[in-house]
Amino acid sequence: MKTRLLSSTAAALLAAGFGIAQSPSLPSIAPIPQAPDTLPTLSAPPAAAAPIQGQGQGERPVPMNPTTPPVDPGPTTLPGPPIMPPPEQPCTACGNRFTDQHIGPKENFWVILEYGYTWFAPAKVPVLAKNTTTGDALLGGQTQSFNAAPAGQIDFGFWLNERHTVGFYAGGMMTDKRSVENSLASDATGNPPISRPFVNALTGLNDTLIVSGQSATQSASGAIASNVSARMDGINAGIAWNVLHCSNYSLNFTFGYRYVDLDEQLAIYQSTHFLTGGPTYLPPHPAAGVGPVSDLQITDRFRTRNQFHGVEFGLDGEWCFGPLFVGIAPKVAFGTNRQTTDVDGSTTFTGPGGTVTVPGGLYAVGTPTAVAGSEGLLGGNVVNRYAVLADVTGRIGVQLTAYTRITAGYNFMYLNNVARPGLEIQPIINPRVIPASQAFGTNSGPNAPQREFDRTDYVAHGLNFGLEVRY
C-alpha cells in the first residue's frame, strides 16, 4: 500500500517537470477584423491614412472595438450658397391661384426732364372791326392761331416695395405765354372808314361805333388793335402699379390726381382822334364837363381761366428692342372744371375841359348803378362744370448707358366744357351801357348784354424731347 502511493507521487512529479520544459501555446481568441479599404458612405476616395504612431511596417493595426459602430463623416464636398425663399411665399391655405409674384423694373427711382413745344387751340375771335362802306371784316371774324409755345416738364417717382411693383409718381409742366397781336389804322384823313359792329338792343338792328371815317358833320382818324394770348400749366401725382414686366416689355397701371390750368385773354384797344365834330355830352353823362371830345380811348378785356381738378386713370406701357424702346401712355381724368371769367373795360374822354375815364368799353360793359336788375358783363364770375380730360403720350428712345436714356415724344390733350374769351363777347348791347353813347345812363330798353355761358371743347398737342435717369 505504501509502496503503491509512493509510485503514484513519483509519476505525477515526472509529468509536471516535462510539461514545464515545453513552450507554452497561445490561448484561443476571436479573429481580429481588418479595416476596409474605403468607407462605404464617402462620395470620394479618402486620402491615404497616415501610419499610426508606434506601428511599423509589417505590424498589425490596432484592432477596432467590435462593439462601437463606425461613424459616417458625411459628404466631403462644401455646401453651396443657401437658397433664399421668394420675398412673398404663396398662401398654401387658399391655393393662391391669383397671387402675382413677378418682379418689377430694376431701377429704384427715376427722373425725367423734358423740353418741347406746345400748340394751343386757335382762339375764336368774332368780327371786331369792319369797313363802314363795304361791310367787309377788317379785324377778327376767324380763328386766331398761335405759334408753338416753349414748354418744360419734369416727372419723377420711386418704388415703394421690394419687388418694385407699387410706386409713387409726380410731375408738372409749364408753357410760355403766347400772344398774337393784330392792328388796323386809318390815315390822317380817316381812310379807310373803320367801325365796330354790334346789335342795338333797342331797335334790334345792326349798329356801329365809329373808329375812323368822314361824314357831313364829323371826321376822325383812328386805329384798333386786338391781342389774344394763352398759356397752360399743370401737375399730377399718384400711384403706379406694375402689372407686367420682363426684359422686353413693362406695363404700369396709374391712378392719381390731375390738375390743368388754362389761362386765355382777348383784349381790344381803340383810339380815335376827332378832326371835326367831336361829340359833346350833356348831363348826367360823366363826360359832360369835358366839352367837345378831341380824343377817345376804349379798352375791352375778356379773360377766362379753366382750372381742372380730377381723378386720373391710365396705362404706361413700354416695349424694348435691344437699346431702342417705344412707349405709349393713355390717360383719362374725370373731375370739375372751375371756370373763372373776368371782364374789364374802360372809356377815356379827352377834351378842352380835361380827361374823364368811365368804366366800360363797347363789349365789356355793365349797367350803371342807377339802373337795377341788370348785371352786365363787367366784373368776375365763377362757374364749376363737370369735365373730362383725355391725354395720350407716345414716345421713342435710346438707352445710352445703364442709367440714362434719351426720348422724343408726342402728346395730345383734349378737355371738354371750356370757357374761352371770344365766347364771352355778346353782340346784342343796349346803348345805355356804352359810355361812348349819348344814351349812356338812361333807363330805356332791355338789360343787355347778358352772360350766356357758352362753352366749347379744347385741344392742345406738342412735341417733347427728354433725358431720363433711372437708378
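Positions are given from 1, in the same order as the sequence printed here. Every heavy atom of this structure was used, including side-chain atoms; hydrogens, water molecules and symmetry mates were not.
- Taking the ring centroids of Tyr471 and Tyr403, they lie under the 6.0 Å cut-off.
- Of all the heavy atoms in Leu463 and Trp119, the pair that sits closest is N-CZ3, 4.0 Å.
- Listed for the Thr254 side chain is a donor-acceptor partner under 3.5 Å among the backbone atoms of Gly314.
- A cation-pi arrangement is absent between Arg395 and Tyr410, since the terminal nitrogen or guanidinium carbon is not both under 6.0 Å from the aromatic centre and inside a 45° cone about the axis.
- Between Phe156 and Phe158, the gap from one ring centroid to the other reaches at least 6.0 Å.
- No salt bridge links Arg338 with Asp261; every basic N to acidic carboxylate O contact stays at or beyond 4.0 Å.
- In this structure His285 satisfies the ring pair (Phe, Tyr, Trp, His ring centres under 6.0 Å) test together with Tyr281, Phe349, Phe440, sequence neighbours excluded.
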Pairs of donor and acceptor atoms involving the side chains of residues 355-363, under 3.5 Å and at least two apart or interchain, shall be tabulated with distances.
from   : atom 1 : to     : atom 2 : distance (Å)
Thr357 : OG1    : Thr348 : OG1    : 3.1
Tyr363 : OH     : Pro197 : O      : 2.8

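- A salt bridge does not link Arg405 to Glu107: none of the charged side-chain nitrogens sits closer than 4.0 Å to a carboxylate oxygen.
- Residues Val311 and Phe334 fail the side-chain proximity criterion, which asks for heavy atoms closer than 4.5 Å.
- Taking the charged nitrogens against the carboxylate oxygens, Glu264 and Arg303 have no contact shorter than 4.0 Å, which rules out a salt bridge.
- With sequence neighbours excluded, no residue satisfies salt bridge (Lys or Arg N to Asp or Glu O under 4.0 Å) with Asp454.
- Salt bridge Arg258/Asp391: present, at least one basic N to carboxylate O contact under 4.0 Å.
- In this structure, Trp241 and Phe253 have perpendicular ring planes: the angle between them is above 60°, well past the 30° mark.
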